[in-house]
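Values reported hereafter were calculated over all heavy atoms of this structure, with side chains retained and with hydrogens, waters and symmetry mates removed.
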Number of protein chains: 2
Amino acid sequence: MNLYFCVVKKKEIHFRSDCPIGKTLDILGDKWSLLIVRDLVFKGKNTYGDFLNGGEGITTSVLADKLALLECGGIISKGTHPESKAKILYSLTPKGIDLIPVLVEVIEWSEKHHEVHPFATSFVKQLKKDKAGVIKMLRQSLK
Amino acid sequence: MNLYFCVVKKKEIHFRSDCPIGKTLDILGDKWSLLIVRDLVFKGKNTYGDFLNGGEGITTSVLADKLALLECGGIISKGTHPESKAKILYSLTPKGIDLIPVLVEVIEWSEKHHEVHPFATSFVKQLKKDKAGVIKMLRQSLK
DNA sequence: CAAATTCACTTGGAAATTCCAAGTGAATTT
DNA sequence: AAATTCACTTGGAATTTCCAAGTGAATTTG
């Protein structure tokens, strides 16, 4: 992975600096990308149509753009779908799977400071008991 | 904190859903906001001018906008600067300080998967030894 | 103590991104 | 064979970001 560029399949990510937080934002710093990762990790979604009807109402053009950028950033990869040739199976790369601890901290923070869905509240309770175990289980579920 | 809105001083944040990750992105989901938080936590920056010359080159209009949104989102607050009346002191709220574990996970993830500044690499080594201790120290440094 | 500078912004306009609705072609189902 | 599903693309409007310049209050300088 280059220090200041990343070009894959026509898409290009320009890294502004060698700051780890800055680089993360260059890949994931928008309103949608992390929701796609969330759908992959927590909701078992893995097709274009799944993401499109994923709750928050991303538009199709933005979805196409974000999927390409996530692929360029090494977070997701495209594969053949077991059910049909018409479908494309999106999955997290190891780099994408490694985002789970970040997601977990985000959920914990947000649950503490906002009103959120009851499911999130009970998820955070699980985390308080055994964070490492929860993360391990989530990793397993993506194998 | 309301479930779907947050309006403070003319600025407004609209929460798309009751998902904790979604709400986080509604406040912090852009290319700049988290860098401002980073500057506050890790670089001891706390004035408008500090952020403006903060390395990555945010523009003044975007900075003004992001500061207002971060304030609206309850992440930062404005105060009087001890040195001068012309300056405004920005500081993290308790909610903003609670972002430290999120930042730490982001740094750990990004350092693993990208080439980053040597400082980040040695910081991650510290984390491997005693993550809780490092987080505690960072919290202390903001008191 | 008047003039220059610092400081935290605002303003105006161009460029980029996002939103929205409609359309396309390959694969699948009816 | 026709209709539907699927993963997109296209075109255009709305919003956000970028860029350069300007503003007024507070502070420093000559």
Chemist: Please determine whether side-chain hydrogen bond (donor to acceptor under 3.5 Å, both in side chains) holds for the pair A:His14 and A:Asp26, giving the CA-CA distance in whole Å, both sets of side-chain angles, and the decisive distance to 0.1 Å.
Modeler: CA-CA 7 Å; A:His14 173 249; A:Asp26 290 330; over 6 Å; no
Chemist: If you look at every strand shown and take non-hydrogen atoms under 4.0 Å, does B:Ser61 touch a base, only sugar-phosphate, or nothing?
Modeler: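 B:Ser61: base contact, heavy atoms under 4.0 Å.
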Chemist: Between A:Arg38 and A:Glu56 (salt bridge meaning N to carboxylate O under 4.0 Å), is one present in this structure?
Modeler: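 Salt bridge between A:Arg38 and A:Glu56, a charged N being under 4.0 Å from a carboxylate O: yes.
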Chemist: What's the verdict on side chain to side chain contact (heavy atoms under 4.5 Å, CB included) for A:Thr80 and A:Leu89, showing C-alpha distance, side-chain angles and the deciding distance?
Modeler: CA-CA 6 Å; A:Thr80 57; A:Leu89 185 86; over 6 Å; no
Chemist: Round to a whole Å and report the spacing from CH2 of B:Trp32 to C1' of D:dT16.
Modeler: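 Spelled out: CH2 on B:Trp32 to C1' on D:dT16 is 14 Å.
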Chemist: Mind checking what makes ring-ring contact (aromatic ring centres under 6.0 Å, His included) contact with B:Tyr48, not counting sequence neighbours?
Modeler: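 Once residues adjacent in sequence are excluded, B:Tyr48 has no partner under the ring-ring contact (aromatic ring centres under 6.0 Å, His included) criterion.
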Chemist: Contact between B:Ile36 and B:Leu63 at the side-chain level, heavy atoms closer than 4.5 Å - yes or no?
Modeler: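 Yes, at least one pair of side-chain atoms sits under 4.5 Å.
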Chemist: Could you spell out the base pairing of DNA chain C in dot-bracket, with Watson-Crick or G-U pairs whose two distances are under 3.5 Å, [ ] crossing and | to another strand?
Modeler: ||||||||||||||||||||||||||||||
Chemist: Taking the six-membered ring of A:Phe15, is the NZ or CZ of A:Lys23 close enough (under 6.0 Å from the centre) and on axis enough (within 45°)?
Modeler: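 Verdict for A:Phe15: a cation-pi partner in A:Lys23.
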Chemist: Can you give me the first and the last nucleotide of DNA chain C (5' to 3') that has an atom within less than 4.0 angstrom of a non-hydrogen atom in chain A?
Modeler: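 Boundary nucleotides touching chain A, in 5' to 3' order, are C:dT18 to C:dT28.
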Chemist: For B:Ser84, what residues pass the side-chain contact (heavy atoms from CB on, under 4.5 Å) criterion, not counting sequence neighbours?
Modeler: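 In terms of side-chain contact (heavy atoms from CB on, under 4.5 Å), with neighbours along the sequence ignored, B:Ser84 is linked to B:Ala86, B:Lys87.
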Chemist: Using a heavy-atom distance cut-off of less than 4.0 Å, which residues of residues 79-91 of chain A contact DNA chain C?
Modeler: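 Close to the strand are A:Ser84, A:Lys85, A:Ala86.
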Chemist: Between A:Phe123 and A:Phe119, how do the two ring planes meet: parallel, tilted or perpendicular, split at 30° and 60°?
Modeler: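 Ring orientation, 0 to 90° scale: parallel.
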Chemist: Quick check with a 6.0 Å cut-off and a 45 degree axis cone: is B:Arg16 positioned over the face of A:Trp32's six-membered ring?
Modeler: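 Output yes; distance and angle both within limits.
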Chemist: Going by the rule salt bridge (Lys or Arg N to Asp or Glu O under 4.0 Å), which residues pair with A:Lys31 if we only count those two or more places apart in sequence or in a different chain?
Modeler: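 Listed in chain order: nothing, the list is empty.
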